[in-house]
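We're numbering straight along the sequence, starting at 1.
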Amino acid sequence: MNTKTALITGGARGIGRGIAEKLLAEGWNLALCGSRPENDKTVIEAMTELNALAEKMTSENDVAVRIQYYQCDVSDTHARTKMLDAIDVDFMSTGELNPCPIQLLVNNAGVGARVRADILDMTEENYEWLMKINLQGPFFLTQMVVKRMISAREAGDKRDFMVINTSSISSTVASVSRGEYCISKAGISMATKLWAVRLAEYGIPVYEIRPGIIKTDMTAAVTGKYDALIADGLVPQNRWGFPEDIGRATAMLARGDLRYSTGQVIMVDGGMLIERL
C-alpha cells in the first residue's frame, strides 16, 4: 500500500479541492475532511471525480492511491480526535509500526465573516465563531498531528513530514468590513512561524501559502466587485486566481522543492501585493 498520506481540511471544495487534485496527481493518498456529511451533494460529487482521477492514475502509472472523506468540524476537539483516530486505522501500513500515517497536513478549512459589517458593529458571537474555525481549530489540529509526527520520528521514521497552512492576503491587508477574518488569517501567519521554529529540530518544515483573489464559493457573492477591480489593474497578471493555482504551489512544497525554507510565505496573488507607483 502507498504510505504517502496527506490530510487536507476543507478538502472537498474550493481551494481544498484544487489542492487535493494536484496532490493526487503526485501520488498522495488523501484524507479529506469537511463540515458537510458524506451524503452531501458537494461531497459526493468531489469524491466521485477524485476517485475517477485516482483510477486513471493507477491504470497509467501503476501507483495505487486511496481517498477517504471524514466529516469533521475542525473547531471541535472531540471531532478532531475522532477523525485522527479513524485516519490512524484507515491508513495504517499493514505489518509496519507507523505511529503517524499522516505525512503532510494541509490546514485549509476556513469560513468568511457571517456578516460583512464595519468593525464598529462586529459582534463577539460572530468573532468567536469564526476564530474557532479559522484559527483555534487549525492550531490545535496541528498540535495533535505534529505530536504524532514527532513520535514517529523518534521511533525511527525517516519520511519527510510537513505542515502547510493556507492563509490569505487578508493576513496583512486590512478590510474593515470583515475584520474578524483578517485577524484570523494574521493569526495563521504567526502560527506558521511558531510551528516552523518549534518543529525545526525534528526536521518538519512548516509553510504558509497566501492566496490572493481566488474564484471559489466564498468569493461568489462579490464576483462583480472583484471583476471590476481586476479589470482596473488591481492584479498585475490581470485575472482571478483559481483553486488549481493554490494546488500547484502546495504540490511544489509537498515534493520538498523548498526544503531549506521553513517558515516562509508563498504568495499566490498574481502580483497583487507588489508595491507599485
Side-chain angles (χ1 to χ4, degrees), residues 6-20 30-38 40 42-43 46 69-87 102 104-117 119 121-146 163-195 206-211 213-214 216-222 243 246 250:
L7 168 58
I8 307 171
T9 67
R13 62 194 185 107
I15 288 175
R17 170 76 175 275
I19 293 171
L30 301 180
L32 309 177
C33 87
S35 59
R36 302 185 181 209
E38 292 182 28
D40 178 85
T42 300
V43 174
Y69 178 82
Y70 303 88
Q71 182 180 9
C72 176
D73 176 357
V74 295
S75 69
D76 184 299
T77 304
H78 174 72
R80 294 194 301 266
T81 300
K82 181 180 178 182
M83 175 183 66
L84 292 180
D85 287 346
I87 291 172
I102 299 169
L104 167 63
L105 170 63
V106 181
N107 285 308
N108 168 75
V111 294
R114 272 178 169 166
V115 179
R116 286 186 175 236
I119 55 175
D121 301 313
M122 184 193 301
T123 67
E124 288 193 43
E125 179 186 9
N126 285 342
Y127 179 93
E128 291 175 357
W129 170 79
L130 185 142
M131 294 296 282
K132 284 195 70 176
I133 296 171
N134 285 12
L135 182 56
Q136 182 174 325
F139 184 90
F140 286 101
L141 176 61
T142 299
Q143 184 188 72
M144 296 170 75
V145 171
V146 299
V163 177
I164 300 174
N165 293 324
T166 303
S167 64
S168 167
I169 56 171
S170 294
S171 66
T172 60
V173 178
S175 179
V176 296
S177 65
R178 53 196 185 102
E180 61 268 63
Y181 182 80
C182 296
I183 293 169
S184 73
K185 293 304 181 179
I188 288 293
S189 296
M190 177 51 70
T192 300
K193 294 178 182 180
L194 291 168
W195 286 120
V206 184
Y207 304 99
E208 175 188 344
I209 295 178
R210 193 175 292 175
I213 302 171
I214 310 297
T216 65
D217 292 347
M218 190 181 291
T219 55
V222 288
I246 312 304
T250 305

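Looking at Ser168, its side chain never comes within 3.5 Å of a backbone N or O of Ser171 through a donor-acceptor pair. The closest donor-acceptor contact from the side chain of Thr9 to the backbone of Ala109 lies under 3.5 Å. For the pair Asn108 (side chain) and Ile8 (backbone), a donor-acceptor distance under 3.5 Å is absent. Tyr69 contributes a side-chain N or O that, together with a main-chain N or O of Gly34, makes up a donor-acceptor pair within less than 3.5 Å. Checked by atom type and distance alone, the side chain of Arg80 pairs as donor or acceptor with a backbone atom of Val74 at under 3.5 Å. In this structure a side-chain-to-backbone donor-acceptor pair under 3.5 Å is missing from Ser184 to Leu135.
Here the side chains of Ser75 and Met131 are not in contact, with every heavy-atom distance at 4.5 Å or above. The side-chain heavy atoms of Met218 and Ile15, taken from C-beta on, include no pair separated by under 4.5 Å. Under the 4.5 Å side-chain criterion, counting only non-hydrogen atoms from C-beta, Ile214 is in contact with Pro243. Residues Tyr70 and Glu38 form no side-chain contact, since every pair of their non-hydrogen atoms from C-beta on lies 4.5 Å or further apart.
Minimum heavy-atom separation, Trp129 to Gly112: CZ3-O, 3.6 Å. Contact record, Ala31 with Ile87: CB-CD1, 3.9 Å, taken as the closest heavy-atom pair. When every heavy atom of Asn126 is checked against every heavy atom of Thr123, the shortest pair comes out as N-OG1, 3.2 Å. Considering all non-hydrogen atoms of both residues, Ser170 and Lys185 come closest at C-CB, 4.3 Å. Nearest heavy-atom pair across Cys72 and Cys33 is CB-CB, 4.2 Å. The minimum heavy-atom distance between Gly11 and Ala20, with the atom names listed, is O-CB, 4.0 Å.
To the nearest 0.5 Å, atom OH of residue Tyr207 and atom OG1 of residue Thr192 are 12.0 Å apart. To the nearest 0.5 Å, atom CG of residue Asp76 and atom NZ of residue Lys82 are 10.0 Å apart. Here the CD1 atom belonging to Ile169 is positioned 9.5 Å from the OG atom belonging to Ser175, to the nearest 0.5 angstrom. In this structure, Thr81 OG1 and Leu141 CG are separated by 9.5 Å, a value rounded to the nearest 0.5 Å. The CD1 atom of Ile209 sits 13.0 Å away from atom CD1 of Ile188, with the distance rounded to the nearest 0.5 Å. We find the CG-CE distance between Leu84 and Met144 to be 5.0 Å, quoted to the nearest 0.5 Å.
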Discussion item. As a quick check of understanding, evaluate side-chain contact (heavy atoms from CB on, under 4.5 Å) for Lys193 and Glu208, giving each step before the final call.
Written reply: CA-CA 9 Å; Lys193 294 178 182 180; Glu208 175 188 344; over 6 Å; no
Practice prompt. I would like to know whether Arg36 and Gln71 meet side-chain contact (heavy atoms from CB on, under 4.5 Å); could you show each step before the answer?
Written response: CA-CA 6 Å; Arg36 302 185 181 209; Gln71 182 180 9; over 6 Å; no
Worksheet entry | Verdict with reasoning, Leu32 to Leu7, per side-chain contact (heavy atoms from CB on, under 4.5 Å) | CA-CA 6 Å; Leu32 309 177; Leu7 168 58; over 6 Å; no
Fill in: Worked check of side-chain contact (heavy atoms from CB on, under 4.5 Å) between Val111 and Asn134
CA-CA 7 Å; Val111 294; Asn134 285 12; 3.5 Å; yes
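Residues Arg13 and Thr216 have side chains that never bring a donor and an acceptor to within less than 3.5 angstrom of each other. Side-chain contact of Thr166 with Asn107: a donor-acceptor pair under 3.5 Å is absent, judged by distance alone. With hydrogens and angles left out, the side-chain atoms of Ser35 and Asp73 include no donor and acceptor closer than 3.5 Å.
More than 12 heavy atoms of other shown residues, nucleotides or ligands fall within 6.0 angstrom of atom CZ in Phe139.
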